[in-house]
Amino acid sequence: MDITQNSIVGELVAQDYRTASVFKSHKIDFCCNGNRSIQEVSENPEELIAELENVSRKTGNETTDFQSWPLDLLTEYIEKKHHRYVELKNLEILPYLEKINSVHGHRHPELAEIQKLFRETSGEISMHMKKEEFLLFPYIRKMVKSKLEGALIAKPPFGTVENPIAMMMHDHDAEGERFRKIAALSNDYTPPSDACNTYRVTFALLQEYEDDLHQHIHLENNILFPKALELEKAIA
């Protein structure tokens with residue numbers, strides 16, 4: 001993989017998801033703000049490039065090539081893996097946060113803010129996913145079918161696919177910012193010395209949730225959405 005200072009972060013991760021680990025270690029956002037170049041995100045771009053090249057040269061543990069997937073299959077994968085994960089973990093994490101805040105909140109007041117932020121995420125991302133499942137993703141599947149069959153497709157009520165995509169990306173930005181606050185409040189999910197097992201499990205679940213959210217947003221922002229925009233132009 002050819003990597004230069006002008007390479008775009010999100011495009012690099014789209015080509016090889018293993019590079020995401022390098023960006024994570026440098027606290028570089030590759031999903032919500034993946035449209036920036038290496039030069040823009042790093043004070044030492046040559047050092048960062050060397051790390052990225054080292055990761056991409058490794059054999060074994062190759063990641064799934066989502067770039068080659070048909071868009072209808074990718075939407076189904078996102079729903080079945082990431083949407084389902086969010087639904088399950090929202091139900092699991094919220095009671096844990098309520099419990100540790102009630103027990104430890106007097107010594108760790110930041111727990112109340114973490115609970116508030118995650119409750120907001122739980123509600124907002126649930127609505128976000130429904131918009132994708134009932135509005136955007138079905139239209140992307142219709143576009144794929146139209147291209148395969150050479151058939152015309154009715155104009156959607158939202159005019160162009162650019163409109164719901166812009167809305168989804170705005171939502172992604174909001175969730176990314178919310179989780180940056182949660183990570184900061186939790187000292188990057190590091191439980192304090194007096195944390196009980198439930199406290200530690202909750203922080204581990206929050207970190208896992210953030211990791212899944214990053215991959216979820218990456219698949220949409222850096223792969224699905226750009227390809228959907230290209231597909232709409234191709235069938236116009």
Side-chain angles (χ1 to χ4, degrees), residues 1-20 23 28-41 63-86 124-179 212-236:
M1 184 164 60
D2 185 29
I3 306 174
T4 70
Q5 293 192 20
N6 294 322
S7 296
I8 303 301
V9 170
E11 292 176 3
L12 291 175
V13 179
Q15 292 175 54
D16 187 344
Y17 193 73
R18 292 174 297 179
T19 58
F23 292 122
I28 295 170
D29 182 357
F30 62 86
C31 49
C32 296
N33 293 306
N35 59 344
R36 297 171 297 166
S37 69
I38 294 291
Q39 189 173 36
E40 289 176 299
V41 301
T63 57
T64 305
D65 181 18
F66 290 109
Q67 282 275 30
S68 66
W69 284 28
L71 295 192
D72 51 351
L73 179 60
L74 186 55
T75 60
E76 290 175 11
Y77 174 84
I78 290 170
E79 281 189 34
K80 288 183 170 63
K81 184 177 190 301
H82 295 291
H83 287 198
R84 189 169 298 171
Y85 172 88
V86 167
E124 292 296 327
I125 203 167
S126 294
M127 289 191 292
H128 170 91
M129 293 190 304
K130 293 307 176 189
K131 284 183 253 182
E132 289 184 336
E133 291 170 11
F134 292 106
L135 187 72
L136 178 57
F137 287 2
Y139 184 67
I140 290 175
R141 291 172 191 141
K142 285 181 182 178
M143 289 198 298
V144 171
K145 185 177 180 182
S146 172
K147 179 81 180 293
L148 288 172
E149 298 178 354
L152 294 175
I153 185 172
K155 196 172 183 65
F158 44 76
T160 168
V161 76
E162 291 180 16
N163 293 325
I165 283 177
M167 186 189 305
M168 297 303 105
M169 292 184 72
H170 179 271
D171 290 350
H172 290 169
D173 288 344
E175 294 311 323
E177 178 59 28
R178 219 178 330 253
F179 254 89
D212 183 84
L213 188 66
H214 284 170
Q215 188 182 26
H216 180 176
I217 293 174
H218 157 68
L219 288 175
E220 294 185 356
N221 280 18
N222 299 327
I223 300 179
L224 179 65
F225 293 167
K227 286 181 177 290
L229 292 169
E230 290 176 6
L231 179 57
E232 185 179 56
K233 291 176 182 176
I235 64 174

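Between Asp29 and Arg36, the shortest heavy-atom contact is O-NH2, 3.4 Å. Nearest heavy-atom pair, His218 versus Cys31, reported as atom, atom and distance to 0.1 Å: N-CB, 3.7 Å. When all heavy atoms of Cys32 and Gly176 are compared, the closest pair comes out as SG-CA, 4.0 Å. For the residue pair Leu71 and Ala228, the shortest heavy atom distance occurs at CD1-N, 3.6 Å. Minimum heavy-atom separation, Ser146 to Ile235: OG-CD1, 4.2 Å. Leu74 approaches Leu219 most closely through the heavy-atom pair CD2-O, 4.4 Å.
At distances below 3.5 Å, not a single donor-acceptor pair connects side-chain atoms of Ser37 with backbone N or O atoms of Ser7.
Among residues at least two apart or in separate chains, there is no salt bridge (charged side-chain N to carboxylate O under 4.0 Å, His left out) pair with a member in residues 220-231. Judged as a ring-ring contact (aromatic ring centres under 6.0 Å, His included), the pairs with a partner in residues 144-167 (not counting sequence neighbours) are, in order, Tyr139-Phe158.
Every side chain to side chain contact (heavy atoms under 4.5 Å, CB included) that Asp171 has, sequence neighbours left out, goes to His128, Lys131, Met168. In this structure, the side chain to side chain contact (heavy atoms under 4.5 Å, CB included) partners of Asp16, at least two apart in sequence or on a different chain, are Met1, Arg18, Thr19, Ser56, Thr63. In terms of the side chain to side chain contact (heavy atoms under 4.5 Å, CB included) criterion, residue partners of Arg141 (sequence neighbours excluded) are, by chain and number, Asp72, Thr75, Glu76, Glu79, Phe137. Contacts of Leu229 classified as side chain to side chain contact (heavy atoms under 4.5 Å, CB included), with partners at least two apart in sequence or in another chain: Val161, Glu162, Ile165.
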Inset, instruction - Quick one: do Val144 and Lys147 satisfy side-chain contact (heavy atoms from CB on, under 4.5 Å)? Show the steps, please. - result: CA-CA 5 Å; Val144 171; Lys147 179 81 180 293; 5.8 Å; no
Inset, instruction - Apply the test side-chain contact (heavy atoms from CB on, under 4.5 Å) to residues Val41 and Phe30: give CA-CA distance (whole Å), side-chain angles for both, the deciding distance (0.1 Å), then the verdict. - result: CA-CA 10 Å; Val41 301; Phe30 62 86; over 6 Å; no
Legend entry - Verdict with supporting geometry, His216 and Tyr85, ring-ring contact (aromatic ring centres under 6.0 Å, His included): CA-CA 10 Å; His216 180 176; Tyr85 172 88; 9.4 Å; no
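Of the inter-residue distances, the one linking Ile217 atom CD1 with His172 atom NE2 reads 5.0 Å to the nearest 0.5 angstrom. Taking CG from Leu224 and CD from Gln67, the interatomic distance works out to 11.0 Å, rounded to the nearest 0.5 Å. For the atom pair CE of Met167 and CG of Leu136, the computed distance is 9.5 Å after rounding to the nearest 0.5 Å. If you take CD on Gln215 and CG on Leu213, they are separated by 11.0 Å, rounding to the nearest 0.5 Å. Atom-to-atom distance recorded for Lys130:NZ and His83:NE2 is 9.0 Å, nearest 0.5 angstrom. Here Glu175 contributes atom CD and His214 contributes atom NE2; the two are 11.0 Å apart, rounded to the nearest 0.5 Å.
Counting heavy atoms from C-beta outward, Glu11 and Asn222 have side chains that stay 4.5 Å or more apart. A heavy-atom distance below 4.5 Å is not found between the side chains of Ile223 and Trp69.
Here the two rings, on Phe66 and Tyr77, have centers that are under 6.0 Å apart.
In this structure, Leu152 places its CG atom where only 12 or fewer heavy-atom neighbours from other residues, nucleotides or ligands lie under 6.0 Å away.
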